[in-house]
Amino acid sequence: MRFDELDLEEEILQGIDAMNFQEMTPIQEQTIPVILEGKDIIGCAQTGTGKTAAYTLPLLNRLLCEGNPDNHIRAVIMVPTRELAQQIDMQFEGFSYFLPISTIVVYGGGDGAGWEQQKKGMLMGADVVIATPGRLLAHIANSGIDLSHADYFILDEADRMLDMGFQDDIMQIVKQMPAQRQTILFSATLPPKIRQLAQQILNNPAEINIAISKPNEAIVQSAYICYETQKISIIQELFKKNPNKKTIIFSSSKQKVKDLAHALKRKKLNVAAMHSDLEQEQRESVMLDFKNGKTDILVATDIVARGIDIDDIALVINYDVPHDPEDYIHRIGRTARANADGVAITFVCEAEQGKFHHIEKFIEKDIYKIPLPPDVGPGPAYNPKIFVRQPRKKFNHSRNKGNRPFFRKKNNKKTE
């Protein structure tokens, strides 16, 4: 279905055309008409399926038709990270190019000037506020921000926000908004905590599920079964063949990201690190260099898995096996975007074989195991069953002879 078949205002269709959007994705086709009707939605779709346009376009249409003569904040879009907030704002700018609608992005970091700019934009009555929860709550408490006229509340990547501990912040922000509003919740997964949140803040929502928890078929998935000490050498071999391939390497912790980026730089690879210890200005600079091709390889924590919108990433490497299958899907979803192909490679050491096998079962696919390069040496056998955690045996009280206590005594001896 084409966008020009929708009942959208002409100015919005002009913006869509200028952005070179023509055919709708499944999530857009199913959600846009429902949002235009004013209904609440709980939508589930994986990353890269076009969720942003799915709520941006109908929201712009409603705001344009209703107007904002009193310069109130009319809509709040809540997101987990500043990177995603910036990405959404860029799409808003494109789609609203021919519209008299303003946005302000509100997130933490930066200096006092950034705070004042955010405060001024909201007090002047920006139509749409795109914000991270903690920062918006701080402005509500300290800047006199009024959300009592915000008739639209959108939560994007709600599962990630709850994982980051923002549920209480979200509920406090909801209390500042009108009870009669349209609420739209998008999430990559629908665990019980998301459904509980939906019951609290949505009113009789329509539920839309699109391709839940399945990787993009255009991604070629593979893995190296290796020892931990072989991983750096494998990367070096990979980039001997394709030195300028735009790549993201995901690792499990920010310290490991720092160490890995340092090690790869010593191997003369064009690398930058992306993690939460960087200041906002540094993070923006790193992302800009990567997007513009000044950096070939980005080593990152999962902070980037859902907060980056770059279409020409050719390769994703999981330096560590992700903790759960959903993280795996979001990581590899950074490649094969915008109808392109992509490659995802996971390094699986002995201790991670059980986790990797769990991912294979979850996506219902045996991922191809690539033979290790000859110069790297032989790796371990792939035998994930011996690495699957066994359930803890229950204590048999009948074997506790005599009057021995059922608990261990606390060891008060200090250790160095």
Side-chain angles (χ1 to χ4, degrees), residues 25-28 30-31 34-35 40-56 76-88 107-108 130-137 152-174 182-203 205-216 250 252 276 300-309 316 318 321-334 337 355 358-359 362-363:
T25 65
I27 190 69
Q28 292 162 359
Q30 292 196 38
T31 56
V34 179
I35 296 173
D40 287 6
I41 279 184
I42 178 169
C44 187
Q46 67 190 62
T47 186
T49 54
K51 289 182 291 182
T52 305
Y55 61 74
T56 298
V76 174
I77 299 175
M78 194 70 58
V79 296
T81 66
R82 65 192 78 183
E83 288 78 17
L84 183 56
Q86 292 166 334
Q87 173 188 323
I88 292 168
Y107 51 76
I130 306 165
T132 54
R135 186 67 159 201
L136 182 58
L137 199 58
Y152 304 98
F153 186 38
I154 299 168
L155 295 94
D156 198 351
E157 299 197 355
D159 52 348
R160 178 62 66 180
M161 281 192 279
L162 296 196
D163 288 343
M164 293 169 71
F166 284 131
Q167 179 157 357
D168 289 344
D169 289 354
I170 291 169
M171 295 309 299
Q172 289 186 57
I173 291 166
V174 167
Q182 184 178 18
T183 305
I184 298 160
L185 184 152
F186 276 106
S187 180
T189 59
L190 293 178
K193 59 186 178 182
I194 288 292
R195 293 196 174 275
Q196 182 181 4
L197 177 65
Q199 288 177 355
Q200 292 177 284
I201 67 174
L202 274 70
N203 179 30
E207 184 169 323
I208 296 168
N209 295 284
I210 301 290
I212 302 174
S213 301
K214 296 296 178 185
N216 187 335
F250 285 108
S252 56
S276 59
T301 58
D302 283 308
I303 191 173
V304 182
R306 304 193 193 192
I308 181 175
D309 188 28
V316 168
N318 291 308
V321 177
H323 293 297
D324 59 63
E326 295 293 347
D327 286 337
Y328 174 80
I329 290 163
H330 286 295
R331 284 185 182 187
I332 71 172
R334 297 305 94 202
R337 296 172 71 86
K355 283 195 296 184
H358 182 56
I359 290 170
F362 185 82
I363 65 174

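Atoms considered below: every heavy atom in the structure, side chains included; atoms not considered: hydrogens, waters and symmetry mates. Since we're looking at a predicted model, the values are computed, not measured.
Exactly one of Asp156, Ile130, Ile173, Ile154 qualifies for a side chain to side chain contact (heavy atoms under 4.5 Å, CB included) with Met78. That residue is Ile173.
Using a 4.5 Å heavy-atom cutoff, the side chains of Asn318 and Ile332 are in contact. In this structure, Ile194 and Leu185 have side chains that are in contact, with non-hydrogen atoms separated by less than 4.5 Å. Contact of the Lys193 side chain with the Asp163 side chain is registered, since non-hydrogen atoms from C-beta on lie closer than 4.5 Å. Using a 4.5 Å heavy-atom cutoff, the side chains of Leu84 and Arg160 are not in contact. Counting heavy atoms from C-beta outward, His330 and Glu157 have side chains that stay 4.5 Å or more apart. In this structure, Ile359 and Pro322 have side chains that are in contact, with non-hydrogen atoms separated by less than 4.5 Å.
Annotation for Met161 and Val79: closest pair SD-C, 3.7 Å, computed over non-hydrogen atoms. Here the closest non-hydrogen pair linking Val34 and Ala206 is CG1-CB, 4.1 Å. Here the shortest heavy-atom pairing between Thr25 and Gly50 reads OG1-CA, 4.3 Å.
Considering CZ of Phe186 and CD1 of Ile27, their distance stands at 5.0 Å, rounded to 0.5 Å. A distance of 7.0 Å separates CZ of Phe153 from OG1 of Thr183, quoted to the nearest 0.5 Å. If you take NZ on Lys51 and CD1 on Ile208, they are separated by 13.0 Å, rounding to the nearest 0.5 Å. Going from atom CG of Leu137 over to atom CZ of Phe166 covers 10.5 Å, rounded to the nearest 0.5 Å. Here OG of Ser187 is found 10.0 Å from CG of Leu155. Values are rounded to the nearest 0.5 Å. A distance of 6.0 Å separates CG of Leu197 from CD1 of Ile170, quoted to the nearest 0.5 Å.
For the pair Gln182 (side chain) and Ile35 (backbone), a donor-acceptor distance under 3.5 Å is present.
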**Request:** Would you check, one step at a time, whether the test side chain to side chain contact (heavy atoms under 4.5 Å, CB included) holds for Thr31 with Tyr55?
**Result:** CA-CA 8 Å; Thr31 56; Tyr55 61 74; over 6 Å; no
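Salt-bridge formation is not detected for the pair Arg135/Asp169: no Lys NZ or Arg NE/NH1/NH2 atom is positioned less than 4.0 Å from an Asp or Glu carboxylate oxygen.
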